[in-house]
> 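Sharing a structure below in structure tokens format, with a few things to ask.
Sequential numbering from 1 along the given sequence is applied to the chain's residues. Excluded from the calculations below are hydrogen atoms, water molecules and symmetry mates; all remaining heavy atoms, backbone and side chain alike, are included.
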Amino acid sequence: YFSETHGITFRIQITMKELLDTDLLLKLLFHLPVNYPSILPDISVNSDQLTRAQCMDVKDKLLEQAKKHLSEPMVHELVLWVQQHLKYIVRQSTAVCSEKNPLSREASTEDGIWMLFLHLDHMRAKAKYVKTVEKWASDLRLTGRLMFMGKIILILLQGDRSNIKEYLILQKTSKVDVDSSRKKYKEKMISVLCETKIQPQHARFQTFEVKDYSTMDELQKEFEAAGLTALFVEFVPSLLK
């Protein structure tokens, strides 16, 4: 994906042999801003064979390496580096998880501000639903956006990890919408697209706002302004299919 004003975003998939006793497919998403390599790329790491924590460790290590190559092209170097070091990162990550007691591990992952990205299938009782989401966000001191673009409905939230978890419980257990016969029912058509710790390159939303977008480009600009282009490219275009 290329844009003259917003840089370039592309995926790289690496298959690693003889790791975790199975073939491991590592999916890397790089967003290179227009002034790359003077600015670090935004990197997203995913793999069905790794835990979310292990993917975060790989991403953190890649960003550390990227800082060493600032002001020079680095993607090829980063891909080579991760091919050579992935097994060590995974082993180290697994060892750290098992060594720390559960309480200290939990505390270490709870630190900082987290982000939750949700996709809703529909809102039949839209006005009531929107008011409820606004109240939950306010009560839990969460900032972000409730976004409408055509039939696409997205919720992007930022806040304390415990409050993010509490929001998700409310969203899944409260009778917040109505079915086709207008009876109240619990939200079942919800997808958690991403739940992760906010990175330094991500902007913090100061308020929670409900916004309508007339085009996909308009919606994308909202993500780009928040340093979340990789998140947009990874999840949103596929919702149109």
> Please give me the minimum heavy-atom distance between Ala230 and Asp42, naming the atom from each residue.
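Looking at all heavy atoms of both residues, the closest pair is CB-OD2, 3.7 Å.
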> With the 4.5 Å side-chain cut-off for hydrophobic clustering, are Leu25 and Val45 part of the same group?
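No, separate clusters.
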> Looking only at heavy atoms, what is the nearest atom pair of Arg141 and Asn163, with distance?
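Heavy-atom minimum between the residues: NH2-ND2, 3.8 Å.
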> SG of Cys194 to CD of Glu234: how many Å apart, nearest 0.5 Å?
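It comes to 7.0 Å.
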> Heavy atoms, side chains only, cut-off 4.5 Å: are Met115 and Lys197 in contact?
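Result no, sub-4.5 Å side-chain heavy-atom pair not found.
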> Are the side chains of Leu168 and Leu118 in contact, using a 4.5 Å heavy-atom criterion?
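Side chain of Leu118 against side chain of Leu168, heavy atoms only: contact under 4.5 Å found.
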> Could you state the interatomic distance from OG1 (Thr132) to CG (Leu170), rounded to the nearest 0.5 Å?
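Atom-to-atom, Thr132:OG1 and Leu170:CG are 10.0 Å apart.
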> Among Lys221, Gln220, Arg145, Glu222, which residue satisfies the side-chain hydrogen bond (donor to acceptor under 3.5 Å, both in side chains) criterion with Tyr213?
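Going through Lys221, Gln220, Arg145, Glu222 one by one, the side-chain hydrogen bond (donor to acceptor under 3.5 Å, both in side chains) with Tyr213 is satisfied by Glu222 alone.
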> What heavy-atom pair brings Pro37 and Leu70 nearest, and what distance separates the two atoms?
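Result for this residue pair: O-CD1, 3.6 Å.
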> What closest approach, in Å, do Ala66 and Leu78 show between heavy atoms, and which atom pair accounts for it?
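Looking at all heavy atoms of both residues, the closest pair is N-CD2, 3.7 Å.
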> Going by heavy atoms in the side chains, are Leu120 and Tyr129 under 4.5 Å from each other?
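Counting from C-beta outward, Leu120 and Tyr129 do come under 4.5 Å.
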> For residues Phe117 and Phe223, establish whether the separation of their ring centroids is below 6.0 Å.
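Here the rings of Phe223 and Phe117 have centres that are less than 6.0 Å from each other.
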> Regarding Lys135 and Asp139, does a basic nitrogen lie under 4.0 Å from an acidic carboxylate oxygen?
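Salt bridge flag = yes for Asp139 with Lys135.
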> Over all heavy atoms of both residues, which pair between Ala203 and Ala225 is shortest? Give the atoms and the distance, please.
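Residues Ala203 and Ala225, closest heavy atoms: CB-O, 4.1 Å.
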> So do Leu156 and Leu231 actually touch side chain to side chain, heavy atoms under 4.5 Å?
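Yes, side chains in contact.
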> Does any non-hydrogen side-chain atom of Leu157 lie less than 4.5 Å from one of Tyr167?
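In short, these two side chains touch, coming nearer than 4.5 Å.
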> For a quick test of reading the model, state the closest non-hydrogen atom pair linking Ile153 to His119 and the distance between them.
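Smallest interatomic distance, heavy atoms only, reads O-CD2, 3.4 Å.
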> If we ignore hydrogens and angles and just use 3.5 Å, is the side chain of Lys27 paired with the main-chain N or O of Ile12 as donor and acceptor?
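Answer holds: no.
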> Find the distance between CG (Leu142) and CG (Asp160) and round it off to the nearest 0.5 Å.
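Reported value, rounded in 0.5 Å steps: 8.0 Å.
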> Met56, Ile43: one ILVMFWY side-chain cluster at the under-4.5 Å cut-off?
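In one cluster: no.
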> Quick one, Leu146 and Phe148 - any side-chain contact, counting heavy atoms below 4.5 Å?
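Answer yes - side chains close enough.
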> Got a donor-acceptor contact below 3.5 angstrom from the Thr173 side chain to the Ile169 backbone?
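Yes.
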> Are Thr15 and Leu24 side-chain neighbours, meaning at least one heavy-atom pair lies under 4.5 Å?
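No - every pair of side-chain heavy atoms lies 4.5 Å or more apart.
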> Ile39, Ile198: one ILVMFWY side-chain cluster at the under-4.5 Å cut-off?
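Shared cluster, no.
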> Taking the side chain as C-beta and beyond, is there a heavy-atom pair between Phe235 and Leu154 under 4.5 Å?
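Counting from C-beta outward, Phe235 and Leu154 never come under 4.5 Å.
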> How many angstroms lie between CG in Leu40 and CD in Glu64, if you round to the nearest 0.5 Å?
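So the gap between those two atoms works out to 11.5 Å.
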